[in-house]
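This report concerns only the one structure given below.
What's counted below: heavy atoms across the whole structure, side chains too, no hydrogens, waters or symmetry copies.
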Amino acid sequence: MKKIDSILRCFIVAALTIMPLVFHAEPNTSMKMEVHRNVKDMAKHVDKVQFSATPQILEEVGNKIVVTIEVMFPPKYFDKKTVMNVTPVLVYDAGQTDLPAMNFIGEKVEGQGVVISHDNGGTYSYTTTIKYNDKMANSVLMVEPIIYTYKNKVHPDRASIKTKEDFALCDAMLLAEGVITTAKNVDKSLMRVAYVKPSDERVVNHEISDIYFNVNSDNINWNVPLNQVAQNKEALQNMTAHIADGWEIQNITITGWASPEGPVQYNVTLSDNRADMVDTFVKKRLAALAGQKGTKVSYSNVNDVKITCVGNGPDWNGLMEAVKKSNIKDKQMIINTLSVQTEQQRVAQLNKYIKQYPEMEKTILPSLRHVVIDVNTVEPKMTSDQMVAKASDTPSDLTCNQLIVAASMVKDLKHKEKIYVNAVQTYPDCCGLYCNAGAVAIEQGNTKHAKKMLQQALQINDLLAEAYNNLGIVAVMENNYDAAASYFNQAQSLGLNTDYNMGVVHIDKGNYGQAVQLMSKNNPNCDYNIALAQTLDKKYTLAEETATCLQENGQTLYLQAVIAARTKNVEKALKHLGKAIKSDVKMKEKAKKDKEFAVMKNDPVFMALVQ
């Protein structure tokens, strides 16, 4: 077939889409060389040859077009010394795609080709696959047979025929027009974007402080030297700081100890008494806080606070640790000796060491005569408004987890985006913030920024399932379905359900049954993409049921029109199409070119709708 320049190509595509599907070819009258009479005769009567394509309206399935070309020659037509080259060509505005050529040869021709009997004629067909691109949507499949008398060679292509043979070029004949591209109508915005969910944990604060006692005493004496140390005084003061700010008391543990140089039972009793004394002190302190004007404490009665009070007797472990950290010359010998002795032996031996090493009485034993106060408080829950305000204005006041909570409370995407922009600057090592920032970008249609955020999330945590899922969605937006499938599979292996999103991939691959199966699992059946997949899978009853429950808009009504057209219900198709165009005027131009409605193209109502 001759190359068609761009202007002529536009004319042919436009003209052929409104003409009948059958053309009668005439001999080419512009031949440069003398053509044999038999060749001229075959070209003149080429209309007796039946050229056909199945389907007559092509369809994109899995980014491919599969078409079967068939040629039927009548008896007494094909000259025994003649060759006919038939090269189907898909012509579209931006170019053309040649299909495999067919060479038909007469009975006295020696060479490669399909032999056609002069007396009986013959039939030949083949099926081929065309790689689809979007430029092919408005196209025509044509043949332009070229005929020549065999001399000594069967030429493999049209170019060599035209340069080396006398030939007759038949007029172009239309085999199929247009390509159904309904599979490209996937609504990618319905894909399941995954957000990292905040944990339920609340911030727990631990405040540990000590009260020290004189030897053999259980009375609290603030003049004890260790109680006067600034660090210890500050710790004791901070013991109730969070309680005063309204933090909920999780528990308070009071543990009494004694230095181990005295009798064991005496020290047990002494540690119990010390713990009881501190228990009383703590309760008075809590009661005083509750009684203050404008108090924020979370309790109303001290008895409601969970306090555990216990005496642990002599603090041998504390002694060993203190000796280990001391400057005593023989400290390792002391530790080794005391470690292997019985309780009574250790007490006797310790008293000898006390006399031998004055540092023990001076600095080590006083630190063991104490009560440890461990206060565990839980940060109070903020209201939604408080948390969102802090996330927007002072994100450093919140933890990474709290920022995720705050962002989840916001519906406006721009506001949500602002929270995450500030959050990732505050916590640059929090993978969940980057992942969710990417999710917001996807919902805003900013795939470039989404990819950047999601890749950053995976640099921090390469096992983040949500990030892989969202990168899969970005890949779909970029029409990179192989990469998308890889991302979705990775997310699935990490425990995230990606069935619906994988269903979208299977629609693109042409696996419509698999798409329906995956997308319907654990998803409400009232979903546009599920209805689309059911339509493509030719499950029209199910598709209609699914589509009927969808919220009416241009997209959903248009799909219902397609379902009706496929089931030959023209009246219903026109009704849905009219409503679709009324809802979204862009559907008019789409319907005008859509070969789904070829059955209605001459219907006056349809013509009025798309004008």
Side-chain angles (χ1 to χ4, degrees), residues 1-2 16 19-31 33-58 65-91 97-130 140-162 164-177:
M1 177 175 179
K2 294 181 292 186
L16 290 180
M19 291 181 182
L21 282 175
V22 178
F23 279 76
H24 297 294
E26 297 294 340
N28 189 303
T29 58
S30 61
M31 293 177 285
M33 295 174 276
E34 187 64 30
V35 178
H36 194 278
R37 184 175 58 82
N38 290 344
V39 170
K40 289 182 179 180
D41 191 56
M42 284 179 63
K44 180 178 180 180
H45 297 288
V46 74
D47 60 311
K48 294 180 180 180
V49 181
Q50 295 182 28
F51 296 91
S52 64
T54 304
Q56 285 191 332
I57 299 177
L58 305 177
I65 300 170
V66 178
V67 61
T68 298
I69 308 295
E70 184 176 70
V71 185
M72 298 178 64
F73 294 97
K76 309 299 182 182
Y77 170 79
F78 212 98
D79 183 78
K80 294 182 180 182
K81 292 186 177 181
T82 304
V83 179
M84 177 187 286
N85 177 282
V86 177
T87 304
V89 180
L90 189 68
V91 183
T97 298
D98 292 357
L99 277 62
M102 298 174 283
N103 270 326
F104 299 103
I105 61 176
E107 294 167 284
K108 293 186 178 181
V109 175
E110 295 182 2
Q112 289 190 342
V114 179
V115 179
I116 303 299
S117 168
H118 172 75
D119 293 335
N120 302 317
T123 300
Y124 176 79
S125 68
Y126 76 93
T127 299
T128 188
T129 299
I130 307 166
V140 290
L141 181 62
M142 305 165 61
V143 290
E144 193 179 32
I146 185 169
I147 308 170
Y148 62 97
T149 300
Y150 172 74
K151 294 177 182 177
N152 55 19
K153 185 177 182 179
V154 175
H155 299 283
D157 55 63
R158 299 167 66 83
S160 59
I161 295 170
K162 291 181 179 182
K164 298 179 181 180
E165 300 289 350
D166 301 336
F167 63 90
L169 184 63
C170 301
D171 289 338
M173 288 173 281
L174 182 65
L175 300 182
E177 60 173 322

Should the ring pair Phe51 and Phe73 be called parallel, tilted or perpendicular, given that the plane angle runs from 0 to 90° and is split at 30 and 60?
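Ring orientation, 0 to 90° scale: perpendicular.
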
Interatomic spacing from [atom1] in [X] to [atom2] in [Y] - rounded to 0.5 Å:
| X | Y | atom1 | atom2 | result |
| --- | --- | --- | --- | --- |
| Leu141 | Gln56 | CG | CD | 10.5 Å |
| Phe104 | Thr82 | CZ | OG1 | 14.0 Å |
| Ile65 | Ile130 | CD1 | CD1 | 5.0 Å |
| Met72 | Ser52 | CE | OG | 8.0 Å |
| Thr149 | Phe167 | OG1 | CZ | 12.5 Å |
| Phe78 | Ile105 | CZ | CD1 | 8.0 Å |

Quick one: does any side-chain atom of Tyr126 pair with a main-chain N or O of Met102 as donor and acceptor, under 3.5 Å?
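Not confirmed, Tyr126 side chain does not pair with Met102 backbone.
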
Tell me every residue that passes ring pair (Phe, Tyr, Trp, His ring centres under 6.0 Å) with Tyr150, counting only those two or more places apart in sequence or in another chain.
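Listed in chain order: nothing, the list is empty.
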
Is the Tyr77-His118 ring centre distance short of 6.0 angstrom?
no

Residue pairs passing the side chain to side chain donor-acceptor pair (under 3.5 Å) test where at least one lies in residues 100-117, sequence neighbours excluded
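Counting only pairs at least two positions apart or across chains, the side chain to side chain donor-acceptor pair (under 3.5 Å) contacts touching residues 100-117 are Asn85-Asn103.
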
Just do the side chain to side chain contact (heavy atoms under 4.5 Å, CB included) check on Ile69 and Leu175 with the steps written out, would you?
CA-CA 9 Å; Ile69 308 295; Leu175 300 182; 4.1 Å; yes

Could you walk me through whether Thr87 and Leu99 pass the side chain to side chain contact (heavy atoms under 4.5 Å, CB included) test, one step at a time?
CA-CA 6 Å; Thr87 304; Leu99 277 62; 5.9 Å; no

For the residue pair [X] and [Y], establish whether any side-chain heavy-atom pair is separated by less than 4.5 Å.
| X | Y | answer |
| --- | --- | --- |
| Val39 | Arg37 | no |
| Glu165 | Ser160 | no |
| Met173 | Glu144 | no |

Scan residues 78-87 for pairs that pass salt bridge (charged side-chain N to carboxylate O under 4.0 Å, His left out), counting only residues two or more places apart or in two chains.
none

If you measure only the distance, is there a donor-acceptor pair under 3.5 Å linking the side chains of Thr68 and Thr127?
yes

